[in-house]
Protein chains: 2
Amino acid sequence: MGPEATADFYLKLVHATPAMRDQEHLQVLIWSDPTIPDRTDALLTHGEDPTPALIAGARLLKAAGAKMLAVPCNTAHAFLAAVQKEVDIPIVHMIEETAKYVQLLSPTVQKVGLLSTTGTQKAGLYQSWLDREGISVITPAADCQENLVMTPIRAIKAGKTAVARPLLIEAAQGLINAGAQAIIAGCTEVPAGLSADDIPVPFIDPAEVLAVTVVRRVLANR
Amino acid sequence: MGPEATADFYLKLVHATPAMRDQEHLQVLIWSDPTIPDRTDALLTHGEDPTPALIAGARLLKAAGAKMLAVPCNTAHAFLAAVQKEVDIPIVHMIEETAKYVQLLSPTVQKVGLLSTTGTQKAGLYQSWLDREGISVITPAADCQENLVMTPIRAIKAGKTAVARPLLIEAAQGLINAGAQAIIAGCTEVPAGLSADDIPVPFIDPAEVLAVTVVRRVLANR
């Protein structure tokens, strides 16, 4: 979906792979289709449904030989159950895996702050998976969500990464002040603007969790 | 080929695209196959020929819908004429495009220094394309080539980027002392270890030239 996030995810996958030379790395096929209809618009304002394009992409990858799928877009996960029904290769679920990872940090972390698109937030993706682990999720109030989260996410998608950082730091700090013991970068654009060094609590990057999970599963299947 | 270089090239392509939102970016299919036999070994020590794997990759991408191919690996260009014969979609030639770009810098630049794999160097890829533009190429002596160029390239392929930088700076400085008026990063791993700020003459990144050329051609075809 977001091409910057796709490039960033692939780099995370490369770095998560134990390899000393090219030939030890994984064979990866990437279908980067930024033209897929906006996921947040579909969830909030009845914009075009991205599901058919997601299914077409999954089928394209399977037809070209893919044995496992990963989708490094949080908001797209609201549509993935429908995609999984249409392809018979496993989709590694980024949000489920992140919830399992956060659970490892409890009881130190019992409340997490979520920086995500408004689509991911309203679809309750992290809330539903983290509830199962007994961890609660706090999100920015509507005005902060728009001005301090969606604005920098759109800036990153437009290539203006420097603008994004102070806004995302302010959003994270607001969540920490409200009791968040960790921050989830719940949109794959967020780590392009905010890093672990910017905040005083653990910074959880679901794209990193997804990369590590994919590598572990591939190596386990060998 | 090199997965780090593949990720870096895709990021360069994203940054070279004039786009304000996801949906304005290009649809890109990436076949990252690090298992393709080592190109330098094939050229220098009769290692396994990578041509069949390159042809298979080109066919996979075409079958999945690709209309244009780019190969962000310099050494692989020694085998691309054979690949182009087997697929009827155009392969944008990174080294030809770089030679045209360097020509724009003449007469200021009449002699360039080449930091590349020993395979690219011995195959004379840059030499043959730059000769046509009246520009000469100088390369490191054999011991410098091994210790100051191949060693850092292998380090980058193994994920040890920090080790690479001082060695590549020393190699570039040696070429500048020998009269190079610009440095070509003639292996796509090199820009991961050396940047324009590290050297006092123009730093030419063929992956950047390839990215800009691909975007220009796609937009011209629309």
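In the text below, chain A, chain B and the rest are named by the order of the sequence lines, each starting its count at 1.
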Worksheet entry | Note, B/L105 side chain near B/I204 side chain (heavy atom, < 4.5 Å) | yes

Worksheet item: Does some side-chain heavy atom of A/I199 sit less than 4.5 Å from a side-chain heavy atom of A/I169?
Response: no

Worksheet item: Residues two or more places apart in sequence or in another chain: which of them pass side-chain contact (heavy atoms from CB on, under 4.5 Å) with A/A64?
Response: A/L29, B/L60

Worksheet item: Are B/L115 and B/I153 close enough that some pair of their side-chain heavy atoms sits under 4.5 Å apart?
Response: no

Worksheet item: Out of A/V28, A/I156, A/V14, which one racks up the most heavy-atom pairs below 4.5 Å with chain B?
Response: A/V28

Fill in: Criterion side-chain contact (heavy atoms from CB on, under 4.5 Å) against B/L69, the qualifying member of B/L80, B/V87, B/V92
B/V87

Discussion item. Looking at chain A, which one of B/L26, B/L11, B/I30, B/I36 has the largest number of heavy-atom pairs inside 4.5 Å, strictly under?
Written reply: B/I30

Chain A/chain B interface donor-acceptor pairs under 3.5 Å:
unit_1 : atom_1 : unit_2 : atom_2 : d
A/E4   : OE1    : B/H15  : NE2    : 3.2
A/E4   : OE2    : B/H15  : NE2    : 3.1
A/Y10  : OH     : B/S32  : OG     : 2.5
A/H15  : NE2    : B/E4   : OE1    : 3.2
A/H15  : NE2    : B/E4   : OE2    : 3.1
A/D22  : OD1    : B/K157 : NZ     : 3.4
A/D22  : OD2    : B/R39  : NH2    : 3.2
A/D22  : OD2    : B/K157 : NZ     : 2.7
A/Q23  : N      : B/P34  : O      : 3.4
A/Q23  : NE2    : B/I36  : O      : 2.9
A/Q27  : NE2    : B/D33  : OD1    : 2.9
A/Q27  : NE2    : B/D33  : OD2    : 3.3
A/Q27  : NE2    : B/T35  : OG1    : 3.3
A/V28  : N      : B/S32  : O      : 2.9
A/V28  : O      : B/S32  : N      : 2.8
A/I30  : N      : B/I30  : O      : 2.8
A/I30  : O      : B/I30  : N      : 2.8
A/S32  : N      : B/V28  : O      : 2.8
A/S32  : O      : B/V28  : N      : 2.9
A/S32  : OG     : B/Y10  : OH     : 2.5
A/D33  : OD1    : B/Q27  : NE2    : 2.9
A/D33  : OD2    : B/Q27  : NE2    : 3.3
A/P34  : O      : B/Q23  : N      : 3.4
A/T35  : OG1    : B/Q27  : NE2    : 3.3
A/I36  : O      : B/Q23  : NE2    : 2.9
A/R39  : NH2    : B/D22  : OD2    : 3.2
A/K157 : NZ     : B/D22  : OD1    : 3.4
A/K157 : NZ     : B/D22  : OD2    : 2.7

Worksheet item: Given a strict heavy-atom distance threshold of 4.5 Å, which part of B/L13 is in contact with chain A: side chain, backbone, both, or neither?
Response: neither

Worksheet item: Among A/G65, A/P34, A/G159, which residue forms the greatest number of heavy-atom pairs with chain B at distances under 4.5 Å?
Response: A/P34

Practice prompt. With rounding to the nearest 0.5 Å, note down the distance linking CG in B/L130 to CG in B/L114.
Written response: 8.5 Å

Discussion item. Could you go through B/I184 and B/V137, starting from their C-alpha distance and side-chain angles, then the distance that decides it, and tell me whether this counts as side chain to side chain contact (heavy atoms under 4.5 Å, CB included)?
Written reply: CA-CA 10 Å; B/I184 294 180; B/V137 176; over 6 Å; no

Worksheet, complete the sentence: Smallest heavy-atom separation, A/V149 atom then A/P140 atom, equals CG2-CG, 4.0 Å

